[in-house]
Each structure stands twice: as structure tokens, then as C-alpha cells.
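For reference, the structure discussed in these notes is given below.
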Amino acid sequence: MGGGSAPLDTKHGQFLGPWGNIGSQTQKGITTYSISANRQRPLAGTLNAAVFNTWRRCRAQALYVIPPFAIAYAAMNWAVEKNEYYNSKSGRIHDAEAADEATQGGTVRG
């Protein structure tokens, strides 16, 4: 259960090296460039892009959302006004007149 000095390849008895260096020769002619983590700007332009992307997506969905809501609002508004009329004094008088006409054989007006 030893550390890194035990041979990893038990068949050939060759030490393959520590993690990341598996016994191969060092590579030459490869240049690697990197930027320090505190110099990178991973969130550069995120807020600006989020605003315009949200506006674009909402604008694209407007014709799918607004008409059903407008129809539902109009239907609900009509129902509330009709309910208020039926529960008002004039609505009750109209209902009583319509009931009288129905019992006398007249036509019911709605």
C-alpha cells in the first residue's frame, strides 16, 4: 500500500511516474499561454445580453400570450358586470317582470 515508489506496471517492473507524468519524455516546442484567474472576466456583458435577450424572447411570445389574456379579461369583466346587475334593484325588478310574463304565457326577454 505504498506511495509513488511502487511499480505500477507489475508485469514489466517499470515505474510509470507520478500522476500527470506517466513515464513519457517531456514534450518540446509546445507553448502554452494562459491568463490569470483574476484577470478574466467570465461575466463580461452578461447583464447587457440578459436584458436584450429577455426583451427579444418576450416580444416573440407576445402574440401567443396577450390575446388569450385579453379575451379572458373581457369575459370576466362582462360576467362581473352581469352579476352586479342581477344582484341590483333594477336587475331584481327585471327578473320579477320576466317571471310574471313567463307565467302569463308571454315571451321572455333576456
Side-chain angles (χ1 to χ4, degrees):
M1 299 279 150
S5 63
L8 296 178
D9 187 1
T10 56
K11 183 176 180 182
H12 301 289
Q14 180 182 2
F15 176 69
L16 295 178
W19 181 257
N21 183 14
I22 308 185
S24 63
Q25 295 179 352
T26 57
Q27 295 181 352
K28 296 181 182 179
I30 297 177
T31 307
T32 308
Y33 298 98
S34 64
I35 297 176
S36 172
N38 60 356
R39 297 292 295 167
Q40 294 179 10
R41 294 178 40 198
L43 299 178
T46 301
L47 187 60
N48 186 32
V51 169
F52 290 111
N53 192 31
T54 302
W55 170 252
R56 179 186 57 82
R57 293 174 119 188
C58 289
R59 191 182 66 198
Q61 294 297 317
L63 291 177
Y64 296 104
V65 175
I66 293 173
F69 276 109
I71 292 169
Y73 178 79
M76 192 67 186
N77 192 26
W78 172 83
V80 167
E81 288 176 0
K82 198 75 163 169
N83 185 41
E84 288 174 357
Y85 173 74
Y86 282 149
N87 290 317
S88 67
K89 187 174 184 178
S90 59
R92 290 181 190 267
I93 291 172
H94 179 266
D95 189 38
E97 290 174 358
D100 288 341
E101 287 179 11
T103 57
Q104 294 173 0
T107 60
V108 177
R109 285 180 268 155

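Note that the structure is predicted; figures quoted are calculated from it, not measured. The chain is numbered in sequence order, starting from 1.
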(request) Please report the shortest heavy-atom distance between Arg92 and Tyr86, naming the atom on each side. (result) CG-O, 3.8 Å

(message) Going by side chain to side chain donor-acceptor pair (under 3.5 Å), name the residues that satisfy it together with Ser34, two or more places apart in sequence or in a different chain.
(response) none

(message) Using the side-chain contact (heavy atoms from CB on, under 4.5 Å) criterion, which residues pair with Ile35? Sequence neighbours excluded.
(response) Arg39, Gln40

(request) List for me each residue that meets side chain to side chain donor-acceptor pair (under 3.5 Å) alongside Asp95, sequence neighbours excluded, and say none if there are none. (result) none

Would you be so kind as to tabulate the donor-acceptor pairs closer than 3.5 Å made by side chains of residues 43-53, with sequence neighbours excluded?
from, atom 1, to, atom 2, distance (Å)
Thr46, OG1, Leu43, O, 3.0
Asn53, OD1, Arg56, NE, 3.4
Asn53, OD1, Arg56, NH2, 2.5

What donor-acceptor contacts under 3.5 angstrom involve side-chain atoms of residues 57-79, with partners at least two apart or in another chain?
none

(message) Just to verify, what does Thr54 make a side chain to side chain donor-acceptor pair (under 3.5 Å) with, not counting sequence neighbours?
(response) none

